[in-house]
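Everything below concerns the one structure shown next.
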Number of protein chains: 2
Amino acid sequence: MSHYMQNRSMLDFRTDPSTPAGLPQTVDRALRILLAFDRESPEWGVTEISRAFGLHTSTAQRLLAALTHRGFLVRDDSSRRYRIGPAALYLGRVWDQVGALGLLAQPVLDELAAFTGQNILFALPDSAHMRTVLVAEGEHGRLRDYPMVNELYPAHAGATSKAYYAFLPFAQRKRLFIDRPLARFTANTATDLGRLERQFAQVRARGWAYTEGEYDEGVATLAVPVFLREEPYASLSVGWPKERLGEHPSDWVDALCSASERISLRLTHRGR
Amino acid sequence: MSHYMQNRSMLDFRTDPSTPAGLPQTVDRALRILLAFDRESPEWGVTEISRAFGLHTSTAQRLLAALTHRGFLVRDDSSRRYRIGPAALYLGRVWDQVGALGLLAQPVLDELAAFTGQNILFALPDSAHMRTVLVAEGEHGRLRDYPMVNELYPAHAGATSKAYYAFLPFAQRKRLFIDRPLARFTANTATDLGRLERQFAQVRARGWAYTEGEYDEGVATLAVPVFLREEPYASLSVGWPKERLGEHPSDWVDALCSASERISLRLTHRGR
DNA sequence: CTCCTATTTTGCATATAGTGGGACATTCTT
DNA sequence: AAGAATGTCCCACTATATGCAAAATAGGAG
């Protein structure tokens, strides 16, 4: 297991308490407050915020009101507590619509494609599948050979899916596979839940997934997860036609891992 | 066509230029600047921002830097222009993870369910389908009769899908239906592209969709679109078993439309 | 290549504008 | 009903964001 997965919970833009000199401190405080609304603590009162950030209640109250005025928070009038507001939905849609993910990650994929010479794939989970959202073409792999944007791969077949779903909490993964038979695509597809779970365990132990023709008969794939803070977020993979097996796949593990980490860093607004 | 669809582009939290007295103006400026990054203008320079908001370049520069420092924007060093940052992705995920949509919309659905006595459904588009994300149970409709959360309905069958897909730009809708045969679910399912497109046109003209047993044989559905700013965002519908047809469906059109509008208002941070 | 223009960045003095203290109001507890 | 905790409002003060001006950098034209 490569080293990069240890420090996923480092300091990032959410938790760093310092306001760099010269920047409007009021704005920075407001943004830090906004980022405090997460899954673990989705609701905050004025006093809680003031304590958590060492501010006067008066100040906290005004900052919360300012965030609320633009829809970043909403206030429940009966409980007087604040929650995340519709501007969060709006920003998330803008992120998608302008293809911001691509602007951040594509350069990393392109480097990988140049390094390996093979096609690179970036895929996001989508209802018990992985959906390719970014691709980079390597010199030895014409895109027609293999992946296109917006293709779907089932959760139980192929390294791309395995690298992601292996790191989902067991309860969530289980829910995906009960009541649905595991379709067989090739002779290598695991159609037995026990065997599949053992494969996932191996992927977790190694930190990467390698499959040969589990979904597409002639294709070998090497994949690693991409993390967003503590959670698996996406999957990054190299794919190549099996007959060109020459290169030893483990040669690319390090490159994939370091690319995955760079993307993670960018997605949490650390490293460039 | 009911009246509510006229004023979709009213003033909302994004465009209102006034900072209410007592609120920290710096914060409000920063948030307004952040909201200026949308699909139409995804990139801004310091001067552009300063002109658009009537600020000194110096001020604009510091506010942009503050937003960047917390990951809400990213700066392209070569062009010195700013784009939306990964904090937008983060906030969007928080919005989803804490079920903020439900907190905003569920009360409206519950009222509708009480008013109509039937089951109410709120569905979001999901790769050529509609996925139910919120339901409310009416006294005459046990949930078992009809909808559950997380069910999928194909884009070409049933009022729930029609109300949404009718308002997609033609080019986008077309892409969903080419190369895929339209599956037939019942005798009423439209499997011909021309006929389907005429149905969409009718939905647009009326502002609502009504179908009987196009997907589930025994079910009648009345649905309206929910808009987010200018774009269709979701679908809101009443469903009931056809044998209880007694009530005239058009009685519920107004209630559905006004509920849809209330949800829209909340999603753009106007009305309560 | 050099000059010119447009844009961005930095430093600093000023006064605007955010802050914290505290009083008042409200809600929840016991 | 009394007390505790939380939220809101108002005001004086000075911390802090601002505008100015100059320097630095980039881009375009000749």
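By convention in this document, chain letters (A, B, ...) are assigned in the order of the sequence lines, proteins followed by strands, and residues within each chain are numbered from 1. All values reported here derive from a predicted model rather than from experimental measurement.
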**OP:** Could you encode protein contacts along nucleotides 25-30 of chain C as a string, one character per nucleotide from 5' to 3', using B for base contact, S for sugar-phosphate-only contact and - for no contact, with a heavy-atom cut-off of under 4.0 Å?
**Re:** -SS---
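The salt bridge (charged side-chain N to carboxylate O under 4.0 Å, His left out) search around A:Arg83 returns none, not counting sequence neighbours. Taking the side chain to side chain contact (heavy atoms under 4.5 Å, CB included) definition, one finds that A:Ala255 meets it with A:Leu112, A:Phe115, sequence neighbours left out. For B:Arg80, the salt bridge (charged side-chain N to carboxylate O under 4.0 Å, His left out) criterion is met by no residue, not counting sequence neighbours. In this view, A:Tyr90 and B:Arg14 satisfy the side chain to side chain donor-acceptor pair (under 3.5 Å) rule, not counting sequence neighbours. Among residues two or more places apart in sequence or in another chain, the side chain to side chain contact (heavy atoms under 4.5 Å, CB included) test is passed with B:Ser50 by B:Thr47, B:Thr57, B:Ala60. Listed by chain and number, the residues in a side chain to side chain contact (heavy atoms under 4.5 Å, CB included) with A:Glu40 are A:Asp38 (sequence neighbours excluded). Listed by chain and residue number, A:Ser78, A:Ser79 satisfy the side chain to side chain contact (heavy atoms under 4.5 Å, CB included) test with A:Asp76 (two or more places apart in sequence, or in another chain).
Between the P atom of C:dT19 and the CZ atom of A:Phe53 lies a distance of 14 Å, rounded to the nearest Å. Rounded to whole Å, the distance from CG on A:Leu64 to P on D:dT6 is 15 Å. Taking atom CD of residue A:Gln61 and atom P of nucleotide C:dA23, one finds them 18 Å apart after rounding to whole Å.
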Are any protein N/O atoms closer than 3.5 Å to N/O atoms in nucleotides 14-21 of chain D? If there are, list each pair with its distance.
| unit_1 | atom_1 | unit_2 | atom_2 | d |
| --- | --- | --- | --- | --- |
| D:dT16 | OP1 | A:Gln25 | OE1 | 3.1 |
| D:dA17 | OP1 | A:Gln25 | N | 3.0 |
| D:dA17 | OP1 | A:Thr26 | N | 3.1 |
| D:dA17 | OP1 | A:Thr26 | OG1 | 3.1 |
| D:dT18 | OP1 | B:Arg29 | NH1 | 3.0 |
| D:dG19 | OP2 | B:Thr59 | OG1 | 2.5 |

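Axis angle between the ends of the helix from C:dA17-D:dT14 to C:dT30-D:dA1, five pairs each and rounded to 10 degrees, works out to 10°.
For residues 103-117 of chain B, every residue pair satisfying the salt bridge (Lys or Arg N to Asp or Glu O under 4.0 Å) rule, not counting sequence neighbours, is listed here: B:Glu111-B:Arg262.
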Output a table of donor-acceptor pairs, distance under 3.5 Å, between side-chain atoms of residues 21-32 of chain A and any protein atom two or more places apart or on a different chain; print 'none' if there are none.
| unit_1 | atom_1 | unit_2 | atom_2 | d |
| --- | --- | --- | --- | --- |
| A:Asp28 | OD1 | B:His69 | ND1 | 3.4 |
| A:Asp28 | OD1 | B:Arg70 | NE | 2.8 |
| A:Asp28 | OD2 | A:Thr19 | OG1 | 2.8 |
| A:Asp28 | OD2 | B:Arg70 | NH2 | 2.9 |
| A:Arg32 | NH1 | A:Pro17 | O | 3.3 |

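Remark: side-chain polar atoms of A:His269 are paired, donor with acceptor, to backbone N or O of B:Thr68 under 3.5 angstrom.
Using a 4.0 Å heavy-atom criterion, one finds that A:Arg81 contacts no nucleic acid atom at all.
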